[in-house]
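Here is the structure we will look at, set down as structure tokens.
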Amino acid sequence: MADLRDVLLVDGYNMIGAWPDLAPLSQIDMNEARDRLLERLADYQAYTGRRVIVVFDAYRVPGKGRSLEQSRVEIYFTREKETADEAVERFAGQFRRKRRDVYVATSDFVEQSVAFAQGALRVPALELLVEVEQSEKEIGKRIAEQAQKESRNTIDGKLTPEQLRLFERWRRQ
């Protein structure tokens with residue numbers, strides 16, 4: 001069966017630099033900032049069902065591009081001498097040829113002008129942050145409602161919402 005979900009392409013380091021909670025963290029520990037971005041996008045992906053691909057620049061690192069999957073978020077490190085912008089443009093073209101709706105999350109319109117010319121739709125960095133925060137609130141609300149429904153005699157009735165959120169993240173992985 002064909003995968004007909006719409007696709008969200010995210011320029012990873014661009015989002016880290018644009019999101020107010022991640023930009024200062026990136027100056028201290030870039031790995032931690034990257035992990036937090038991926039965790040938040042994994043929750044967002046699980047909530048929306050949208051296919052999420054996060055692209056990170058690795059153009060100064062010799063070798064081929066490589067893909068990973070964390071939870072259900074796909075992570076792509078660019079090929080040697082390929083920037084994240086070029087990778088996003090390539091992915092946007094591939095998905096548009098498959099007649100999928102493609103959204104590109106970026107903080108700068110000019111960086112992805114080719115992708116937008118191919119029919120991709122722009123999602124500004126702060127707009128994506130608002131969507132992610134809204135999905136986090138909805139997830140928290142659902143967990144709280146479920147905890148209230150459950151009897152305190154069941155195991156999940158005894159767990160805090162934070163513990164339930166952690167178990168839910170582990171279940172999706």
(message) Quick check: do Thr78 and Thr83 have side-chain heavy atoms less than 4.5 Å from each other?
(response) no
(message) Strictly by ring-ring contact (aromatic ring centres under 6.0 Å, His included), give each pair with a member in residues 21-41 just once, sequence neighbours left out.
(response) none
(request) Working to the nearest 0.5 Å, report the span between CG of Asp43 and CD of Glu133. (result) 12.5 Å
(request) Starting at CG of Asp11, measure out to CD1 of Ile16 and round the result to the nearest 0.5 Å. (result) 9.5 Å
(message) My understanding is that only one of Glu162, Gln163, Glu168 makes a side chain to side chain contact (heavy atoms under 4.5 Å, CB included) with Arg165; could you say which?
(response) Glu162
(message) Can you give me the closest heavy-atom contact between Leu37 and Gly12, atom names plus distance?
(response) CD2-O, 3.6 Å
(request) Drop me the distance from Asp6's CG to Thr48's OG1, to the nearest 0.5 angstrom. (result) 7.5 Å
(message) Ignoring hydrogens, what is the shortest heavy-atom contact between Val104 and Ala120? Give both atom names and the distance.
(response) CG2-CB, 3.8 Å
(message) Quick one, Asp101 and Leu121 - any side-chain contact, counting heavy atoms below 4.5 Å?
(response) no
(message) Any side-chain to backbone donor/acceptor pair from Glu127 onto Pro124? Under 3.5 Å, distance only.
(response) no
(request) Output the distance between atom CG (Asp21) and atom CZ (Arg40), rounded to the nearest 0.5 Å. (result) 5.0 Å
(message) Taking ring-ring contact (aromatic ring centres under 6.0 Å, His included) as the cut-off, I'd like each qualifying pair that reaches into residues 6-47, sequence neighbours left out, listed once.
(response) Tyr13-Phe56
(message) I'd like to know whether Arg79 forms a side chain to side chain contact (heavy atoms under 4.5 Å, CB included) with Arg90, so could you lay out the CA-CA distance, the side-chain angles of the two residues, the decisive distance to 0.1 Å, and finally the verdict.
(response) CA-CA 12 Å; Arg79 299 183 290 214; Arg90 182 169 44 84; 3.3 Å; yes
(message) Which label fits Phe167 and Trp170: parallel for a plane angle under 30°, tilted from 30 to 60°, or perpendicular past 60°?
(response) perpendicular
(request) Quick one: closest heavy-atom pair of Ala105 and Leu128, and the distance? (result) CB-CD2, 3.6 Å
(message) If you compare all heavy atoms of Ala125 against all heavy atoms of Met15, which two are closest, and at what distance to 0.1 Å?
(response) CB-CE, 3.5 Å
(request) Taking the side chain as every heavy atom from C-beta outward, state whether Val73 and Val10 have any atom pair closer than 4.5 Å. (result) no
(request) Provide the closest heavy-atom pair for Pro20 versus Leu126 in the form atom of the first, atom of the second, distance. (result) CD-CD2, 4.1 Å
Donor-acceptor contacts under 3.5 Å from residues 26-33 side chains, at least two apart:
{"from": "Ser26", "atom 1": "OG", "to": "Ala23", "atom 2": "O", "distance (Å)": "2.6"}
{"from": "Asp29", "atom 1": "OD1", "to": "Asn31", "atom 2": "N", "distance (Å)": "3.2"}
{"from": "Asp29", "atom 1": "OD1", "to": "Glu32", "atom 2": "N", "distance (Å)": "3.3"}
{"from": "Asn31", "atom 1": "OD1", "to": "Arg34", "atom 2": "NH2", "distance (Å)": "2.2"}
{"from": "Glu32", "atom 1": "OE2", "to": "Arg36", "atom 2": "NE", "distance (Å)": "3.0"}

(request) Determine whether Arg50 and Glu131 make a side-chain contact, defined as any pair of heavy atoms from C-beta on separated by less than 4.5 Å. (result) yes
